Amino acid sequence: MGMYLNPGNSGFSRIRNDVYVDKSGLIQLVNETMETPRRLVCVSRPRRFGKSFAAKMLCAYYDKTCDSASLFEDLKIASDSGAYEKHLNKYDVIYLDLASVMEEAEEMELVPFIKQELVRELSQAYPQLNPKGSFFERIAGRGSGWCGLCRPDLFAQKGIVIASTCD
């Protein structure tokens with residue numbers, strides 16, 4: 001479980017230990033848009049309306065490094081049995097919480113910091129990544145597209161990228 005790659009379900013677990021309004025319908029929407037031209041989903045809400053909670057819920061649901069079934073079994077998404085089980089904890093997740101990243105980056109520029117840390121975590125999880133070359137050569141390989149999580153020679157399946165912006 002890393003800061004960026006596969007953050008686990010602890011963030012959502014802490015939220016579920018308090019009063020929680022079921023927003024798992026968002027998961028159903030994301031599941032329905034996977035592998036379609038609409039696969040990029042933007043969830044915009046006013047300030048203080050749960051964007052970070054939603055992002056943590058998505059991380060907990062998709063992250064393949066944890067077992068989140070007990071966190072979702074009493075939520076609406078669990079009633080969508082086919083898609084629910086098909087996607088639950090099946091993907092590598094890259095989670096970018098930009099508010100936290102800005103704190104961590106300190107004086108370093110934000111984009112180089114994210115690249116450096118993401119490559120470090122991906123290299124730990126996937127030692128076969130090329131340690132030399134540009135960010136895109138290391139992660140995607142030449143001409144392979146944007147993200148190494150789509151490289152069939154390195155990864156068995158596609159991953160999920162979740163970004164939570166700062167207010």
Side-chain angles (χ1 to χ4, degrees), residues 1-15 23-24 26-27 29-45 50-68 71-72 77 83 86-106 108-167:
M1 182 164 81
M3 181 171 175
Y4 303 103
L5 179 64
N6 297 323
N9 61 14
S10 61
F12 186 60
S13 179
R14 284 191 298 272
I15 294 166
K23 300 197 184 228
S24 64
L26 176 60
I27 296 169
L29 172 72
V30 174
N31 286 345
E32 290 170 359
T33 61
M34 281 187 183
E35 304 298 328
T36 73
R38 302 177 333 171
R39 68 185 174 275
L40 302 176
V41 177
C42 175
V43 179
S44 60
R45 293 189 174 137
K51 292 180 295 291
S52 294
F53 282 8
K56 289 175 183 176
M57 174 187 68
L58 292 170
C59 287
Y61 177 77
Y62 290 110
D63 187 334
K64 72 178 189 179
T65 64
C66 55
D67 179 0
S68 300
L71 293 172
F72 293 97
I77 187 63
K86 177 181 177 184
H87 298 291
L88 178 66
N89 300 128
K90 300 285 196 269
Y91 300 94
D92 274 315
V93 172
I94 293 176
Y95 177 51
L96 299 173
D97 177 353
L98 295 180
S100 296
V101 171
M102 289 171 60
E103 289 175 16
E104 293 286 322
E106 296 175 3
M108 193 173 179
E109 287 188 46
L110 197 57
V111 172
F113 178 80
I114 292 171
K115 286 179 177 180
Q116 169 189 304
E117 294 302 306
L118 189 53
V119 165
R120 184 182 57 75
E121 288 189 18
L122 283 166
S123 296
Q124 289 173 350
Y126 297 97
Q128 67 271 41
L129 283 175
N130 180 6
K132 303 221 187 289
S134 74
F135 174 75
F136 293 105
E137 288 171 340
R138 287 181 280 177
I139 302 302
R142 293 184 190 268
S144 298
W146 177 78
C147 179
L149 295 177
C150 302
R151 275 183 64 177
D153 61 320
L154 292 180
F155 305 95
Q157 61 187 352
K158 294 180 181 180
I160 307 284
V161 178
I162 300 167
S164 179
T165 61
C166 40
D167 294 326

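Predicted model only: the values in this text are computed from it and were never measured. All values below come from the heavy atoms of this structure, side chains included, with hydrogens, waters and symmetry mates left out. Throughout, numbering of the chain's residues begins at 1 and tracks the sequence.
Heavy-atom minimum distance, A55 versus Y95: CB-CE1, 3.7 Å. Closest approach of C66 to N89, counting heavy atoms only: O-CG, 3.1 Å. Contact between I162 and I160 at its shortest, heavy atoms only, is CG1-CG2, 3.8 Å.
Using modelled atom types, one finds no donor on one side chain facing an acceptor on the other under 3.5 Å when comparing N6 with Y62.
Under the rule for a ring pair (Phe, Tyr, Trp, His ring centres under 6.0 Å), the partners of F12 that lie at least two apart in sequence or sit in another chain are Y20, F72.
Summarising the geometry, atom CG belonging to L26 is positioned 5.0 Å from atom CG belonging to L58; distances are rounded to the nearest 0.5 Å. Atom CG of residue N9 and atom SG of residue C59 lie 10.0 Å apart, to the nearest 0.5 angstrom. Interatomic distance, H87 NE2 to I77 CD1, rounded to the nearest 0.5 Å: 9.0 Å. Expressed to the nearest 0.5 Å, how far CG of L118 lies from CZ of F113 amounts to 11.0 Å. To the nearest 0.5 Å, atom CD1 of residue I27 and atom CE of residue M57 are 4.0 Å apart. For the atom pair CZ of R14 and CZ of F53, the computed distance is 10.0 Å after rounding to the nearest 0.5 Å.
Residues S164 and L96 are not in side-chain contact: their nearest non-hydrogen atoms beyond the backbone lie 4.5 Å or more apart. Using a 4.5 Å cut-off on side-chain heavy atoms (C-beta onward), Q124 and R120 make contact. Taking the side chain as every heavy atom from C-beta outward, Y61 and K90 never approach each other to under 4.5 Å.
In this structure, S13 contributes its side chain and S10 its backbone to no donor-acceptor pair below 3.5 Å. In this structure a side-chain-to-backbone donor-acceptor pair under 3.5 Å is present from D63 to T65. A donor-acceptor pair is defined here as one N or O able to donate and one able to accept, closer than 3.5 Å; such a pair exists between the side chain of S68 and the backbone of A60.
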> Going through the distances and angles, do E117 and Y4 end up as a side chain to side chain contact (heavy atoms under 4.5 Å, CB included)?
Replying inline: CA-CA 8 Å; E117 294 302 306; Y4 303 103; 3.2 Å; yes
